Amino acid sequence: MSTDNANNMDKRSSSADKQSSSMDKRPSAFEYAPAPESRAIVDIAPSYGLFIDGEFTEAADGKVFKTVSPSTEEVLSEVAQAGSEDVDRAVGAARKAFEKWSALPGSERAKYLFRIARIIQERSRELAVLETLDNGKPIKETRDADLPLVAAHFFYYAGWADKLGHAGFGANPRPLGVAGQVIPWNFPLLMLAWKIAPALAAGNTVVLKPAETTPLSALFFADICRQAGLPRGVVNILPGYGDAGASIVAHPDVDKVAFTGSTAVGKEIARTVAGTRKKLTLELGGKGANIVFDDAPIDQAVEGIVTGIFFNQGQVCCAGSRLLVQESVQDELLHSLKRRLSTLRLGDPLDKNTDIGAINSAEQLARITALAEQGEAEGAERWSPACELPSAGYWFAPTLFTNVTQAHTIARDEIFGPVLSVLTFRTPEEAVAKANNTPYGLSAGIWTEKGSRILAVANKLRAGVVWSNTFNKFDPTSPFGGYKESGFGREGGRHGLEAYLDV
Amino acid sequence: MSEKPKNPKNTEKAEPQRLSVFKTYKLYVGGKFPRSESGRVYEVTDPSGKWLANAPLSSRKDARDAVVAARKAFGAWSGATAYNRGQVLYRVAEMLEGRKAQFVQEVADAEGLSKPKATVQVDAAIDRWVWYAGWTDKIAQVVGGGNPVAGPFFNLSSPEPTGVVAVLAPQESSFLGLVSVIAPVIATGNTAVVIASERSPLPALSLGEVLATSDVPGGVVNVLSGRTAEIAAPLAAHQDVNAIDLAGADDVLAKELEIAAADNLKRVLRPQPVDNADGIDWFATPGIERMTAFLETKTVWHPTGSLGASGSSY
């Protein structure tokens with residue numbers, strides 16, 4: 001299956017690393033000949049509307065915004081910007097569609113979702129290129145991780161649509177109604193899939209707002225809904241800013257709110273829906289600890305650390321942004337890690353050899369820059385490999401901080417960028433205590449060859465996803481979500497249905 | 001202030017009857033029975049207004065102390081085996097059975113019920129402990145399990161308790177309702193800070209005495225009496241409380257508390273919609289929702305490697 005690609009990613013890069021490190025004189029990371037993926041496969045229109053009730057339409061107030069390619073700052077398209085009036089219209093369309101959609105036999109809903117999954121597979125190269133253009137992440141990732149996972153997610157939840165009575169929520173669980181969904185820019189199409197697939201399978205209709213910096217793949221998804229013959233109004237896409245998201249969340253006719261994004265906004269949403277009957281699931285920030293014990297396979301751990309913090313330029317809520325390394329292997333590990341970072345190729349996201357793409361927006365780049373500067377100011381030691389940054393676009397070199405303490409801002413705040421903070425520990429107890437010393441609780445990693453240690457430590461970590469001897473693996477069957485201030489509810493698997501059923 | 005009850009029945013007899021010993025109702029915090037640190041009490045009466053006792057009027061400091069006790073107890077209780085927790089919950093039922101007469105009297109007084117009606121309530125409450133005792137080592141299999149991921153990984157999802165749960169016990173059902181909200185919280189390994197029914201706190205305070213003699217470790221359940229709104233506000237805003245059950249809150253208070261709870265993203269169980277004019281039917285067999293509301297799902301990935309013809313990768 002295509003998702004094998006995603007799951008095997010670290011294995012492939014691991015063997016590549018062994019080859020390169022075994023050579024005495026390695027070629028510089030930038031001596032590779034360019035191998036760009038053609039962007040001719042995707043046809044981006046000069047402008048897009050909102051997708052409401054099965055039709056593209058202008059915003060009621062006529063507002064538009066531009067979406068740019070973060071790697072070049074080229075304007076890709078001009079997109080209608082939803083306002084509260086548009087939200088009202090979209091919720092109305094979703095409400096109208098709900099009656100028939102929820103009354104369809106589950107087996108019919110399933111077939112629509114299977115169609116969508118198949119069309120996504122057919123158009124996956126096009127969508128991968130589009131996503132890379134609009135988001136700035138390497139084509140290697142959109143092609144091998146995002147898109148296979150998107151298709152798999154629809155394929156997975158399609159199968160649930162006519163089996164809801166077997167999901168453990170009673171014999172005849174009912175959909176909630178209209179789901180209002182607000183998603184982030186780091187995995188635009190994947191987050192859309194995580195939201196829309198279970199919602200539709202359970203019989204809900206949706207109003208979804210993609211992030212303002214990455215609206216395009218959601219608009220292409222609208223076209224996929226058209227190709228699949230999905231009844232009008234079942235999926236409504238409203239590109240826009242935070243105000244549109246707030247309107248969706250606060251709309252009285254929305255029955256369910258699902259949000260992926262920052263913890264601060266998540267808290268605001270929780271306050272907004274307080275006292276209503278709206279069901280809420282939140283997938284928020286994180287400050288994942290990646291714990292390396294002294295008996296860990298160092299080469300594999302290094303690959304896992306790189307995957308953990310530099311996948312998608314570190315713009316991942318479950319990133320392993322705190323490296324906790326046992327003191328006795330710190331020097332050895334850091335040596336290997338620095339050598340590995342020197343081989344990462346940063347540049348044109350469409351180049352198939354690129355490891356590190358562009359930061360998604362100027363705003364995000366400014367935030368990462370400020371936090372990294374604060375790390376230095378507070379006394380942590382900053383290191384980056386020699387790395388030439390392109391002159392246009394938003395770029396940030398892979399960055400490592402050592403001599404980091406738990407009091408440092410870079411050890412506490414989510415940076416959401418390619419910045420790794422290295423802390424040390426002496427005993428497993430200390431590792432667990434430090435790993436859990438955060439208001440977040442989304443992810444964690446454990447690297448050790450000792451099975452009982454993995455199980456014992458995994459047991460004590462207060463995190464929703466624990467990767468042992470691997471990192472950043474995702475699968476539609478595997479529930480994902482956080483403890484504490486990383487949010488609540490789970491996406492993926494049987495668990496992910498609960499958010500969209502009246503249970 | 002308090003009007004002591006007249007000694008019933010003995011006014012006409014010449015011989016003095018034995019004067020009964022009143023109980024000083026106290027809080028149950030960290031396995032101990034303190035008075036409110038504020039030194040305050042309030043009068044508890046039956047529905048007709050007859051004085052029953054003075055109950056501690058807990059302060060926000062009492063609430064914070066209870067959270068500290070609950071947090072301290074969480075590690076051992078959540079780390080206990082499910083079988084052990086099941087036996088402890090069953091032990092609560094055993095102890096209650098032996099003190100049934102006391103609870104029938106307290107529930108009858110608290111809710112203005114006849115003895116037979118109060119007996120039905122207490123019986124159901126005892127049986128509820130038994131029901132949840134049996135759940136402790138089954139819930140993980142029902143809501144967790146292996147996930148067939150598309151790759152060479154062993155992937156397992158397991159439920160874990162969310163932590164310290166603030167529980168606003170139902171206002172009307174002073175004992176059956178109370179047990180119905182406490183048992184599911186602790187069955188799965190959470191620890192609880194419980195605010196007893198404001199008007200009828202005595203069965204809850206007496207339950208503390210039962211818990212103390214039932215092998216429930218101190219701090220696993222902490223019982224506070226007083227003004228629900230006054231105690232609930234600091235709990236809803238407390239940064240070391242992981243979740244809140246709003247069963248005993250009216251709509252206005254529930255909204256206020258849910259807003260405060262958002263500050264550290266507590267898991268919020270909203271008040272159950274009322275079934276009918278008689279209120280919530282606490283006799284109905286519960287579902288698992290009161291347990292799952294306070295469970296996290298942890299998913300652990302581990303490579304399985306491969307030992308096929310292509311060779312071992314691990």
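Convention: sequence-line order gives letters A, B, ...; per-chain numbering from 1. Because the structure is a prediction, the values reported are computed rather than measured.
- When heavy atoms are compared at a cutoff of 4.5 Å, A:R494 approaches chain B solely by way of its side chain, counted from C-beta outward.
- The OG1 atom of A:T276 lies 6.5 Å from the CD atom of B:E258; values are rounded to the nearest 0.5 Å.
- Atom CG of A:L280 sits about 10.5 Å away from atom CZ of B:R267, to the nearest 0.5 Å.
- For B:N264, the parts lying under 4.5 angstrom from a heavy atom of chain A are both the backbone and the side chain.
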- I would like to know whether A:D475 and B:N155 meet side chain to side chain contact (heavy atoms under 4.5 Å, CB included); could you show each step before the answer? CA-CA 10 Å; A:D475 191 276; B:N155 179 293; 5.8 Å; no

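- Annotation: side chain of A:R490 is in contact with side chain of B:E296 (closest heavy-atom distance under 4.5 Å).
- Taking each heavy atom of A:S478 and B:T299 in turn, the nearest pair found is OG-CG2, 3.3 Å.
- Contacts between B:P161 and chain A at a heavy-atom distance below 4.5 Å involve the backbone alone (N, CA, C, O).
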- Message: Run A:I454 and B:H302 through side chain to side chain contact (heavy atoms under 4.5 Å, CB included) and show every step you take.
- Response: CA-CA 9 Å; A:I454 289 173; B:H302 194 283; 3.3 Å; yes

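- Nearest heavy atoms, B:R270 versus A:K278: NH1-O, 2.6 Å.
- In this structure, B:D251 places its CG atom where only 12 or fewer heavy-atom neighbours from other residues, nucleotides or ligands lie under 6.0 Å away.
- Annotation: maximal heavy-atom pairing with chain B below 4.5 Å, among A:S468, A:G275, A:A270, occurs at A:S468.
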- For the pair B:K298 and A:V465, evaluate side chain to side chain contact (heavy atoms under 4.5 Å, CB included) and give the outcome as yes or no after the intermediate values. CA-CA 6 Å; B:K298 177 185 283 177; A:V465 187; over 6 Å; no

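- A 6.0 Å sphere centred on CZ of A:R453 holds more than 12 heavy atoms belonging to other residues, nucleotides or ligands.
- Note on A:G168, A:G266, A:G493, A:A274: by heavy-atom pairs under 4.5 Å with chain B, the leading option is A:A274.
- The neighbour count for B:Q239 CD, taken as heavy atoms of other residues, nucleotides or ligands under 6.0 Å away, is above 12.
- Proximity to chain A (any heavy atom under 4.5 Å) is shown, for B:E256, by neither the backbone nor the side chain.
- When heavy atoms are compared at a cutoff of 4.5 Å, A:A463 approaches chain B solely by way of its backbone atoms N, CA, C and O.
- Heavy-atom distances place no part of A:I446 under 4.5 Å from chain B, backbone and side chain included.
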- Item | side chain to side chain contact (heavy atoms under 4.5 Å, CB included) between A:L282 and B:L265, worked out | CA-CA 9 Å; A:L282 299 171; B:L265 291 166; 3.7 Å; yes

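- Residue contact with chain A, scored on non-hydrogen atoms closer than 4.5 Å, involves the backbone and the side chain of B:V143 alike.
- Heavy-atom proximity under 4.5 angstrom to chain B picks out A:P479, A:G482, A:Y483, A:K484, A:E485, A:G487, A:F488 from residues 479-489 of chain A.
- Proximity to chain A (any heavy atom under 4.5 Å) is shown, for B:T297, by both the backbone and the side chain.
- Crowding of B:K138 atom NZ: a count of heavy atoms from other residues, nucleotides or ligands under 6.0 Å exceeding 12.
- Taking B:D263, B:N242, B:L156 one by one and counting their heavy-atom pairs under 4.5 Å with chain A, the maximum is reached by B:D263.
- Contact detail for A:H495 and B:S157: the closest heavy-atom pair is CE1-CB, 4.2 Å.
- Note on A:L284, A:L455, A:L461: by heavy-atom pairs under 4.5 Å with chain B, the leading option is A:L461.
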